[in-house]
There are 2 protein chains.
Amino acid sequence: MTNADSGITGSLEDYLETIYRILARNSVARVKDIAENMEVSPASVTPAMKRLADKQLIRYSKRSYIDLTEKGLFIARRTMTRHKLLSRFLTEILGISRKQAESDACAMEHFLSESSMERLAAFFEFLAARPELQALIDTGFDESAPLKIGPELLCLTDLEPGSSGRIAMINAGQQVRRELIDSGFIQGTTVTLIRPGGTDLPFIVNLDGYDQHLSPEIAESVLLHPHREQTGEDDNEK
Amino acid sequence: MTNADSGITGSLEDYLETIYRILARNSVARVKDIAENMEVSPASVTPAMKRLADKQLIRYSKRSYIDLTEKGLFIARRTMTRHKLLSRFLTEILGISRKQAESDACAMEHFLSESSMERLAAFFEFLAARPELQALIDTGFDESAPLKIGPELLCLTDLEPGSSGRIAMINAGQQVRRELIDSGFIQGTTVTLIRPGGTDLPFIVNLDGYDQHLSPEIAESVLLHPHREQTGEDDNEK
DNA sequence: TTCATTTGTTAGATTTGTCTAACAGAAATA
DNA sequence: TATTTCTGTTAGACAAATCTAACAAATGAA
Ligand SMILES: [Mn+2]
Ligand SMILES: [Mn+2]
Ligand SMILES: [Mn+2]
Ligand SMILES: [Mn+2]
């Protein structure tokens, strides 16, 4: 798989990023360091170095130290910047743990387009220029503070059969919450009640053209935005 | 490469997602539809279907229609939800074009962890519950409205040699802006002035342990947060 | 200088994912 | 019914990325 932006694969970008990090501290980069940093066997590093040298991204000859070319330095630096940007987004904005953020960022960094990258950077500039907003996110948006339930939210179980509503939030414990999110119950999505449930009867709802069954307790935790109850109108995804 | 969450590769997740989308409209899914949707040759679809059937994610026998199993349906739905979440983040929050967002989202969706996914969904709930914030992002954060330069921002060129500052924003046209961002000049990053430049002499700055040269015009567009000018303190990345 | 240890390479295998070209089966049409 | 067209599979090739096991070179110690 070739990355559109750099013309090389995600794996090779990771090798460059790793070499860059090593060189920023160690003055020389060796196969062994790279293997350890990336947690692959040294036998995997050698062919990767050959591929990178073929593409003129590193200077490499058998058994010698490894150095980045101008082109390689550029890709390495850009990859690391993406890594940092994504990792900061995940930790600072979403509140993900450092470790998880590192791993997610390093997986996604290879697929961010140049424009998404620029806009994400702009998002941080935007936040930093508005301390009141930054504060709102810092204080109001963390694991401990449960989201305040707005005054006029409607419950999915209160919907008329055949009518629709837009999801505002999921009000449930982590497990049920994740199940619902995995199933597509995310804010802004339109859900239509096909058949109401009862004590032992699951609710049937339609979401993105697919019918799904929800037990009454689970349906209870889906809260909808008030007003605007048109049927058959889907405002996301064509 | 095996995705931590679902135990299958990103490519196979895309096949499941595609089958899901087709079934939501077409009642049956055929090799041809899948090949067209994913823009691969039909000869690539057959072995993918075999791999999916081996893993019990689809029901498939030679020359017959393709159907998702319970397990396959679950992964398909979750993949599509990730796709939607990321795509909405890119379009609604960052203001990326629809097309670019679709492509970025479909590339990144396979690598989001369960917790990042849940937090991203929470971010939308959070925004929707605070219309004033939503409005701020909608109006203040788009391509057309250039970010207001805060009152007391410091320019990189005003830094004392040896002293540091945290980047607040890049104030430059798209091209220079992207170059700087690719080079690691993103909000919050500490930059240290190593050697000031002159009319024809580039500035040398240190960023993440690496020295970089910046022409005076370009250095001019790096604006720093006021106060807090300690040297050698790096608040991002260990 | 010789031997042991560390480091790096090669050989050979495996999995995944793609392609083109050739072929086979099914469906539609004449 | 016979033939054409559409659809799907197979065969064979290739590139990328990894592994283990065996080997080779370089380094360091005795
Ligand atoms: Mn990576
Ligand atoms: Mn990375
Ligand atoms: Mn995808
Ligand atoms: Mn997708």
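Protein chains get the first letters and strands the later ones, always in sequence-line order, with residue 1 at the start of each.
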Whole Å only: how far is the [atom1] atom of [X] from the [atom2] atom of [N]?
X: B:M49; N: C:dG17; atom1: CE; atom2: C1'; result: 12 Å
X: B:D14; N: C:dT18; atom1: CG; atom2: P; result: 9 Å
X: B:I34; N: C:dT18; atom1: CD1; atom2: P; result: 13 Å
X: B:E13; N: C:dG17; atom1: CD; atom2: C1'; result: 15 Å

Does B:D33 have any side-chain hydrogen bond (donor to acceptor under 3.5 Å, both in side chains) partners at least two apart in sequence or in another chain, and if so, which?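 Testing B:D33 for side-chain hydrogen bond (donor to acceptor under 3.5 Å, both in side chains), a comparison that skips the adjacent residues, returns B:R30.
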Just N and O in the side chain of [X]: are any of them under 4.0 Å from OP1 or OP2 of [N]?
X: B:R51; N: C:dG17; answer: yes
X: A:S44; N: D:dC19; answer: yes
X: A:S41; N: D:dT20; answer: no

For B:Y210, what residues pass the ring-ring contact (aromatic ring centres under 6.0 Å, His included) criterion, not counting sequence neighbours? A:Y20
Any donor-acceptor pair under 3.5 Å linking the side-chain atoms of A:D104 with those of B:S116? yes
Short side-chain donor-acceptor distance under 3.5 Å, B:S113 and B:S115: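 B:S113 and B:S115 do have a side-chain donor-acceptor pair below 3.5 Å.
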Anything under 30° is parallel, anything over 60° is perpendicular, the rest tilted; go ahead and classify B:F111 against A:F111. parallel
Under 4.0 Å between a Lys/Arg side-chain N and an Asp/Glu carboxylate O for A:R82 and A:E13? no
Are B:E17 and B:R78 ion-paired here, with the side-chain N under 4.0 Å from a carboxylate O? no
For a quick check, with a 4.0 angstrom heavy-atom cut-off, what is the B/S/- contact string for nucleotides 3-9 of chain D, read 5' to 3'? ----SBB
Applying salt bridge (Lys or Arg N to Asp or Glu O under 4.0 Å) as the test, list every pair that has at least one member in residues 42-54 of chain A; sequence neighbours left out.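 Qualifying pairs, neighbours excluded: none.
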Please collect all salt bridge (Lys or Arg N to Asp or Glu O under 4.0 Å) contacts where either partner lies in residues 58-69 of chain B, sequence neighbours excluded, each pair once.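 Applying salt bridge (Lys or Arg N to Asp or Glu O under 4.0 Å) to every pair that reaches into residues 58-69 of chain B, excluding sequence neighbours, yields B:R59-B:D67.
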Whichever of A:P47 and B:P47 has its nearest DNA chain D nucleotide further upstream toward 5':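 Final value for this comparison: B:P47.
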For the helix from C:dT1-D:dA30 to C:dA30-D:dT1, how many degrees between its two end axes (five pairs per end), to the nearest 10°? 10°
